Number of protein chains: 2
Amino acid sequence: METRELAYFAAVAEELHFGRAAERLGIAQPPLSRAIQKLERRLGVTLIDRSGPRIALTPAGEVLAREAAKVLDAVAAARTRTQRAGRAEPRLVVALKPGGDGGLLPGLLAAYRGHPDAVEVDLALCAVSERARMVREGTADVAFLHCPYEDLTGFDSQPLRVEGGVAMMSPAHRLAGRAFVHRADLAADPTPCWPEQHPEISDPATLMQLAVLGRLIAVVPESVRDHVRRDLVCVPVLDGTPTTVVLAWPVGTRSRALAAFVHTATMVAERLAYMPSS
Amino acid sequence: METRELAYFAAVAEELHFGRAAERLGIAQPPLSRAIQKLERRLGVTLIDRSGPRIALTPAGEVLAREAAKVLDAVAAARTRTQRAGRAEPRLVVALKPGGDGGLLPGLLAAYRGHPDAVEVDLALCAVSERARMVREGTADVAFLHCPYEDLTGFDSQPLRVEGGVAMMSPAHRLAGRAFVHRADLAADPTPCWPEQHPEISDPATLMQLAVLGRLIAVVPESVRDHVRRDLVCVPVLDGTPTTVVLAWPVGTRSRALAAFVHTATMVAERLAYMPSS
DNA sequence: GCGTCTCCATACCCCCAGGGTATGAGCCGT
DNA sequence: ACGGCTCATACCCTGGGGGTATGGAGACGC
């Protein structure tokens, strides 16, 4: 099973149409039909049900569609990781969303610079949904992720710190004067909360703008507190789900630079834990 | 990057010798050299350092060697899973070591048979190290694994029950009369324990034979207690690391039969938890 | 019910990529 | 310096992957 064949099958499985799949692949339809037939012969399994008016995947075809996607992802990751490893002097690409480092990054970068295995660090500031994908695809080496909001399957990870939540809201809001709130206070509120109800807002500026306008209340990790606009107030949510800031990297990575980065991060996080007021 | 090329590179990376790698691959040496050169040109990266007396992998080559192994594993898994899905009526292959089901299997199989999504269940009784590999390669659909002794990366899993440990020993042993022991009692003992010091013993019969002879003390999950030879005594280890029996399956599996099996297992495990004396 | 349209399979051809053999080139060790 | 080991190069050849043209099997309209 060559990757080309798997890519062909993946295209057919997605389009459910040989002609369109062939067009997308940049080849003619007959070679594509033959390639799929050959794949079926070699596996000894029917992958596509061609009897109906529209073609459909057999159960085996469904399985192969998922497996093929995994293989193609692995191949793409292999390419980017290999190329990155071969270019010039090594660098470490760290993916995070703005403010998503739990306040650890300044101290971490300073401490990491002094480590014997340290290399140059590139920061990839990106949207929420991008970070895990970047690491999976090899564009980034390691990412700051937030449990339990993000899926850690396929990653090794190191928890750095556990943070409570604060509710970010307009000063005009009726809860703005409170020393703390509970989830129930927010649930009863007419203004919607985030990120539960608005997962599509990935941009902090947009989020804060909406909060200022009283359109929503955002529950964010407490470390974000220092970066919010001055015209917003933050009120701790006592019973909010705590967020764990973790460093995540692909399983099986063997890189001294990465190991040093993770180790340094753990040290820095521990040190900060004893000085939480900073 | 075709899988053939990756297999070629993996062979070279393993043998560190073009001639032997070519022999292993069943091709001549020149085509292999060319294939690797082509790979390097396409990636724009040097993979192999040919300057020394023995060839060596560059850092990029090291990366690709690991990534290629992942891809080839994924391809092999894709083939076996697809073929299994296409053969006749579906079956569910459950991998476990003898006695490794925490006593859940009889009740689980009986309850599963009644489930609407149930299919025939094949039991693959295999050695300790085989189970995870079988699921990873697609030979089995799901396995009983034991945390924290086995690596769950790449799997989704469902914990079923937590078990304490019992020390299995000859009746002649000085601790055999005790109602319970602590780790310290065993650590001070001249006879070695298992599995910590003897991971190579994967066969329960061998293990028990050695225990009978007083050559070792085996610390095993308490559910194994019912299956040990009658000429052995089991003494609870109060402060032993608890073993969690989990069901593990490949991430991303979509199978009603498997979902039903896992769900049933959870139910059965819960029910058993309320009747621990059974 | 027949023509037509759509869509996949088949037939046939071409060409290049991948494989083989022979041989050269570089690097040791003696 | 020379022979041996090992990888690269040169050259040829074949198979298979890709192209075009066309057939055949349902689905739909009238």
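All values reported here derive from a predicted model rather than from experimental measurement.
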Undergrad: With a sphere of 6.0 Å drawn around NE2 of B:His263, does it hold more than 12 non-hydrogen atoms of other residues, nucleotides or ligands?
TA: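 Open: at most 12 neighbouring heavy atoms sit under 6.0 Å from NE2 of B:His263.
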Undergrad: Any donor-acceptor pair under 3.5 Å joining the side chain of A:Arg34 to the base of D:dG19?
TA: yes
Undergrad: Whole angstroms only, please: what is the CZ-P distance between A:Arg41 and D:dG16?
TA: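 Checked: the CZ to P distance equals 11 Å.
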Undergrad: Could you state the interatomic distance from OG1 (A:Thr264) to CG (A:Leu104), rounded to the nearest 0.5 Å?
TA: 12.0 Å
Undergrad: Please produce a list of atom pairs where a protein N or O lies less than 3.5 Å from an N or O of nucleotides 27-29 of chain D.
TA:
none

Undergrad: To the nearest 0.5 angstrom, please state how far the OG1 atom of A:Thr46 sits from the CZ atom of A:Arg41.
TA: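 Interatomic distance, A:Thr46 OG1 to A:Arg41 CZ, rounded to 0.5 Å: 12.0 Å.
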Undergrad: For the residue pair A:Arg20 and A:Phe18, would you count it as a cation-pi contact if the rule is NZ or CZ under 6.0 angstrom from the ring centre and within 45 degrees of the ring axis?
TA: no
Undergrad: Has A:Arg50 got more than 12 heavy atoms of other residues, nucleotides or ligands less than 6.0 Å from its CZ?
TA: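 Check passes, neighbour count above 12.
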Undergrad: Go through D:dT6, C:dC8, D:dA8 for me and flag the one nearest to the B:Phe18 side chain.
TA: D:dA8
Undergrad: From CD of B:Glu15 over to C1' of D:dC7, roughly how many Å is that when rounded to an integer?
TA: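 One finds 16 Å between C1' of D:dC7 and CD of B:Glu15, rounded.
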Undergrad: Would the number of heavy atoms belonging to other residues, nucleotides or ligands and lying under 6.0 Å from CD of A:Glu23 be above 12?
TA: no
Undergrad: Roughly how far apart are B:Arg66 CZ and B:Leu57 CG, rounded to 0.5 Å?
TA: 10.0 Å
Undergrad: Roughly how many Å is it from NE2 in A:His17 to P in C:dC5, rounded to a whole number?
TA: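 Atom-to-atom, A:His17 to C:dC5, this comes out as 16 Å.
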Undergrad: Nearest-Å distance, OH (B:Tyr8) to P (C:dA17)?
TA: 15 Å
Undergrad: Pair A:Glu62, A:Thr58 - check side chain to side chain donor-acceptor pair (under 3.5 Å), show working.
TA: CA-CA 6 Å; A:Glu62 298 276 2; A:Thr58 63; over 6 Å; no
Undergrad: Within this structure, what is the NE2-CD distance for the pair A:His17 and A:Gln29, rounded to the nearest 0.5 Å?
TA: 9.0 Å
Undergrad: By a strict heavy-atom criterion of less than 4.0 Å, which residues belonging to residues 20-31 of chain B are in contact with DNA chain D?
TA: B:Gln29, B:Pro30
Undergrad: Would you say a side-chain N or O of B:Lys38 is under 4.0 Å from OP1 or OP2 of C:dA17?
TA: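 Answer no for this pair, as no side-chain N or O of B:Lys38 is under 4.0 Å from OP1 or OP2.
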Undergrad: Round to a whole Å and report the spacing from CD of A:Gln37 to P of C:dA11.
TA: 10 Å
Undergrad: Nearest whole angstrom, please: distance from the C1' of C:dC28 to the CD1 of B:Ile55.
TA: 16 Å
Undergrad: For B:Thr3, run the side chain to side chain donor-acceptor pair (under 3.5 Å) check against A:Arg4, A:Glu2, A:Glu5 and tell me which one passes.
TA: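 It is A:Glu2, the one option of A:Arg4, A:Glu2, A:Glu5 that forms the side chain to side chain donor-acceptor pair (under 3.5 Å) with B:Thr3.
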Undergrad: For the pair made of CG in B:Leu32 and P in C:dT21, what is the distance, rounded to whole Å?
TA: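 These atoms are roughly 15 Å apart.
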Undergrad: Quick one: is B:Ser33 getting a side-chain N or O under 4.0 Å of the D:dC7 phosphate, OP1 or OP2?
TA: no
Undergrad: Enter the inter-axis angle for the ends of the helix from C:dG1-D:dC30 to C:dT30-D:dA1 (five pairs per end, rounded to 10°).
TA: 30°
Undergrad: Output, in order, the C-alpha distance, side-chain angles, deciding distance and verdict of salt bridge (charged side-chain N to carboxylate O under 4.0 Å, His left out) for B:Asp141 and B:Arg91.
TA: CA-CA 9 Å; B:Asp141 298 296; B:Arg91 303 180 78 81; over 6 Å; no
Undergrad: For side chain to side chain donor-acceptor pair (under 3.5 Å), just list the numbers for B:Ser33 and B:Gln37, CA-CA rounded to whole Å, side-chain angles, deciding distance to a tenth of an Å, and then say yes or no.
TA: CA-CA 6 Å; B:Ser33 285; B:Gln37 288 174 47; 5.1 Å; no
Undergrad: Compare the minimum distances between each of C:dC8, C:dG18, D:dC7 and the side chain of B:Arg4, then state the nucleotide with the smallest one.
TA: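 Looking only at side-chain atoms, B:Arg4 lies closest to C:dG18.
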Undergrad: Rounded off to whole Å, could you give me the CD-to-P distance for the B:Glu2 and D:dG16 pair?
TA: 15 Å
